[in-house]
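Here is the structure we will look at.
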Amino acid sequence: MEVDDGSVTNISDDHVKVHFRMDIDEDGWPPASVESLWAVDLGDGTVRLDNTPWFVRGVASGDVIRVQPDDDGVLWAGETVQSSQNCTIRLIVLKDAGSAAARQSVLEVFHRLGTTGEGVERFGMVALDVPPQADLLKIRELLEHGETKEWWHWEEGCVTAAWEATARP
């Protein structure tokens, strides 16, 4: 199964789909072995990711990734050439069973702290793109508080040293 996030609204001719292979764990997560993300083709065998990954680990929006086309012209992701210094944080929204209103509320509260992101009905998920200038400490505190209150579960999909520095010892 492949997850195809076609939710980016400003797709132009220089946008391409980049495919990432993923290992599925014993619990069946992630729910796909391939995720495709929108990216801007930089014309030199690299692309800049242009949306937030739902499942792929270790990459974030804005990262420059080397790509390799297969025999069918499908672009497959390789190494990260340049990190954007953005973080990817994912939440499974538990409040109100992850309803559309609950997901939108989560997006809005984190947006006030400097993030962007989007929600998806399937799995009741929200994926946050956290730029380096966002309030990283307040974002972490809110994530931890919300987990304590059982509003959501969260995971770090891609983090930076600046993000890790906000962790309590």
Is a side-chain N or O of [X] found less than 3.5 angstrom from the main chain of [Y], in a donor-acceptor match?
X: Ser99; Y: Ala102; result: yes
X: Asp70; Y: Asp72; result: yes
X: Arg66; Y: Thr46; result: no
X: Thr80; Y: Gln82; result: no
X: Asp25; Y: Asp27; result: yes

Q. What's the verdict on salt bridge (Lys or Arg N to Asp or Glu O under 4.0 Å) for Glu164 and Arg140, showing C-alpha distance, side-chain angles and the deciding distance?
A. CA-CA 10 Å; Glu164 289 175 348; Arg140 180 182 289 276; over 6 Å; no
Q | Test side chain to side chain contact (heavy atoms under 4.5 Å, CB included) applied to Phe20 and Val34, step by step | A | CA-CA 5 Å; Phe20 291 79; Val34 175; 6.0 Å; no
Q. Is any side-chain N of the basic residue among Lys95 and Glu150 closer than 4.0 Å to the acidic one's carboxylate O?
A.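 The answer is no: the pair does not qualify as a salt bridge.
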Q) Hey, what else clusters with Ile24 if you join Ile, Leu, Val, Met, Phe, Trp, Tyr whenever side-chain heavy atoms sit under 4.5 Å? A)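 Noted: Ile24 shares its cluster with no other residue.
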Q: Evaluate the side-chain proximity of Trp152 to Val126: yes if any heavy-atom separation is below 4.5 Å, no if none is.
A: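 A side-chain contact under 4.5 Å is absent here.
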Q) So with a 6.0 Å cut-off around CG of Asp23, is the heavy-atom count from everything else above 12? A)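 Counting neighbours around CG of Asp23, 12 or fewer heavy atoms of other residues, nucleotides or ligands fall under 6.0 Å, so no.
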Q: Assess whether atom CD of Glu144 is packed by more than 12 heavy atoms of other residues, nucleotides or ligands within 6.0 Å.
A: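 Buried by this count: over 12 neighbours within 6.0 Å.
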Give me the atom names and distance for the closest heavy-atom approach of [X] to [Y].
X: Asp63; Y: Gln85; value: OD1-N, 4.4 Å
X: Val59; Y: Cys158; value: O-CB, 3.3 Å
X: Trp76; Y: Arg21; value: CE3-NH1, 3.4 Å
X: Val67; Y: Val18; value: CG1-CG1, 3.8 Å
X: Leu49; Y: Ala60; value: CD1-O, 3.7 Å

Q) Listed by chain and number, what are the side-chain contact (heavy atoms from CB on, under 4.5 Å) partners of Val109, not counting sequence neighbours? A)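 Residues passing side-chain contact (heavy atoms from CB on, under 4.5 Å) with Val109: Arg112, Leu142.
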Q: Using the test side-chain contact (heavy atoms from CB on, under 4.5 Å), find all partners of Leu94 that sit at least two apart in sequence or belong to another chain.
A: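 Once residues adjacent in sequence are excluded, the partners of Leu94 under the side-chain contact (heavy atoms from CB on, under 4.5 Å) criterion are Ile92, His153.
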**Q.** Between Asp41 and His15, a side-chain donor and acceptor under 3.5 Å
**A.**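 No pair is found: no donor N or O on one side chain lies under 3.5 Å from an acceptor on the other.
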Q. Any chance the rings of Trp29 and Phe123 have centres within less than 6.0 Å?
A.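 Yes, ring centres under 6.0 Å apart.
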(Q) Run the salt bridge (Lys or Arg N to Asp or Glu O under 4.0 Å) test against Glu121 and tell me which residues pass, sequence neighbours left out. (A)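 By the salt bridge (Lys or Arg N to Asp or Glu O under 4.0 Å) rule, Glu121 matches no residue at all.
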Q. Considering residues at least two apart in sequence or located in another chain, which fulfil the salt bridge (Lys or Arg N to Asp or Glu O under 4.0 Å) criterion with Glu155?
A.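 Salt bridge (Lys or Arg N to Asp or Glu O under 4.0 Å) check on Glu155 returns Arg57, Arg90.
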Review item, side-chain donor-acceptor pairs of residues 129-139, under 3.5 Å, at least two apart:
{"residue": "Asp135", "atom": "OD1", "partner": "Lys138", "partner atom": "N", "Å": "3.2"}

